[in-house]
Amino acid sequence: DINLKSRDLLTLAHLEKDEILGLLDKAIIRKEKTLKKQFDQPLKGKILGMIFDKSSTRTRVSFEVGMIQLGGSALYLNGKDLQLGRGESLSDTAQVLSQYLDAIMIRTFSHKSVEELAYHADIPVINGLTDLDHPCQALADLMTIYEKKGKLEGLKLAYIGDGNNVAHSLMIACTKVGIDISLACPSGYFPDSQITSLCENFAEKSGAKLVLTTSPTEAVAQADAIYTDVWTSMGQEEENEKRKKDFQNFQVNAELLTSAKEDYLFLHCLPAHRGEEVAAEVIDGKHSVVFEQAGNRLHAQKALLVEILKD
Ligand code: CP
Ligand code: NVA
């Protein structure tokens, strides 16, 4: 059995393969219970604080609903309204919030800030997205692929687009569990080199293949799952016009997908921009699992919260 009690989740890189697989099993059991409306209360009385410095639909609602369904509760804390927004230090904030809460989920820009918060907090900290990583997303992504394909090891995933936070968390997740991953990015938009070398080590251990290319066609060939994300992430809005030009040959559309496996899955973390990173025919087509994927955020995070916070 896995033991994540009182641990932070800043990145899946900190989890062992068996811990990731164990969480997925628990997420699938949680999902069955939730769909049957069987709500036990393993987190009765526990309170999660959720700090947001960026917008959110899925992360905010799924964490809050998850805590309520588990018998606990959650507080939405807008970073701008906290004293943090007026310059109170992360260290002081962490020590104060540790007196009131049982865990903190934070969505912000700098990954270093989340590490600093976690270092100073006496309670577990969960990364709800930074500029570098989005581990809770990757858990739901793996869960979705596992449900649809009945396995993970030996599959091939193609990620087309920006080498961003979502690309990083997918790379980590796939190379940890043994999914071959090919990422096609325009030059200048490749994943972070430190994360890439970390993933090369994970790949060596799991037997996964990790390929970086500038050719979407090469990446998609014989892929079981195709994934894309927005070209302009939160915080990069002023680069939007430049990015639209730089990414114009990186749209996931029906033509690109002709070389994927016949039964490919299409995934996207959402929010999506139809006509930019993905054509409507793909995201609204029969291979798309994006809404089940979004739904799985709830189940995967509930499993995670129970493991971290249970008595
Ligand atoms: N995928 C995801 O994290 O969505 P939100 O930005 O809506 O939370
Ligand atoms: N890469 C996107 C993901 C949003 C869930 C962003 O950071 O804005």
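For ligands, and for the atoms within them, numbers begin at 1 and follow the listed sequence. Computed from a prediction, not measured in an experiment: that's the story for all the values here.
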Phe247 and Tyr189 aromatic ring geometry - parallel, tilted or perpendicular at 30°/60° bounds:
tilted
Nearest protein heavy atom to atom 4 (O) of ligand 1, by residue and atom, and its distance?
Arg58 NE, 2.8 Å
The atoms of ligand 1 lying under 4.0 Å from a heavy atom of His134, numbered in the order shown, are 2 (C), 3 (O)
Under 4.0 Å to a heavy atom of Cys269 - the qualifying atoms of ligand 1, by number
1 (N)
Tabulated below should be the N or O atoms of ligand 2 paired with protein N or O atoms at under 3.5 Å; can you produce that?
| from | atom 1 | to | atom 2 | distance (Å) |
| --- | --- | --- | --- | --- |
| ligand 2 | 1 (N) | Asn164 | ND2 | 3.3 |
| ligand 2 | 1 (N) | Asn165 | OD1 | 2.9 |
| ligand 2 | 1 (N) | Asp229 | OD2 | 2.6 |
| ligand 2 | 1 (N) | Ser233 | OG | 2.7 |
| ligand 2 | 7 (O) | Asn165 | ND2 | 2.8 |
| ligand 2 | 7 (O) | Ser233 | OG | 3.4 |
| ligand 2 | 8 (O) | Met234 | N | 2.8 |

Could you check whether any side-chain N or O of Asp102 sits under 3.5 Å from a backbone N or O of Ile47, counting only pairs where one atom can act as donor and the other as acceptor?
yes
Counting only heavy atoms, which portion of Lys54 has something under 4.0 Å from ligand 1: side chain, backbone, both, or neither?
neither
Can Leu270 be said to touch ligand 1, with heavy atoms closer than 4.0 Å?
yes
Using side chain to side chain donor-acceptor pair (under 3.5 Å), reason through Ser206 and Lys17 one step at a time and then give a plain yes or no.
CA-CA 8 Å; Ser206 70; Lys17 174 180 178 178; over 6 Å; no
side-chain hydrogen bond (donor to acceptor under 3.5 Å, both in side chains) with Asn164: of Asp229, Thr232, Asp192, only one passes, and it is Asp229
Just jot down the ligand 1 atoms closer than 4.0 angstrom to any heavy atom of Gln137, in number order.
1 (N), 2 (C), 3 (O)
For ligand 1, which atoms sit closer than 4.0 Å to a heavy atom of Thr57?
5 (P), 7 (O), 8 (O)
Evaluate side chain to side chain donor-acceptor pair (under 3.5 Å) for Glu218 paired with Thr213, printing each intermediate quantity in order.
CA-CA 8 Å; Glu218 183 194 326; Thr213 170; 3.1 Å; yes
To the nearest 0.5 Å, how far apart are OH in Tyr76 and CD in Glu64?
10.5 Å
Under 3.5 Å between some N or O of ligand 1 and some N or O of Arg297?
yes
Can Asp1 and Lys26 be counted as an ion pair, charged N to O under 4.0 angstrom?
yes
Got the closest protein heavy atom to atom 6 (O) of ligand 1, with its distance?
Arg107 NH1, 2.8 Å
For the 3.5 Å polar cut-off, considering only N or O atoms, please tell me whether Met234 and ligand 1 meet it.
no
When you measure from the side chain of Thr228 to the backbone of Ile160, do you find a donor-acceptor pair of N or O atoms at a distance under 3.5 Å?
yes
Option passing salt bridge (charged side-chain N to carboxylate O under 4.0 Å, His left out) with Asp131 (candidates Lys54, Arg107, Lys112)
Lys54
Indicate yes or no for a side-chain donor-acceptor contact from Ser288 to the backbone of Gly285 under 3.5 Å, with no hydrogens or angles considered.
no
Scan Lys149, Lys156, Lys261 and name whichever one has a side-chain hydrogen bond (donor to acceptor under 3.5 Å, both in side chains) with Asp224.
Lys261
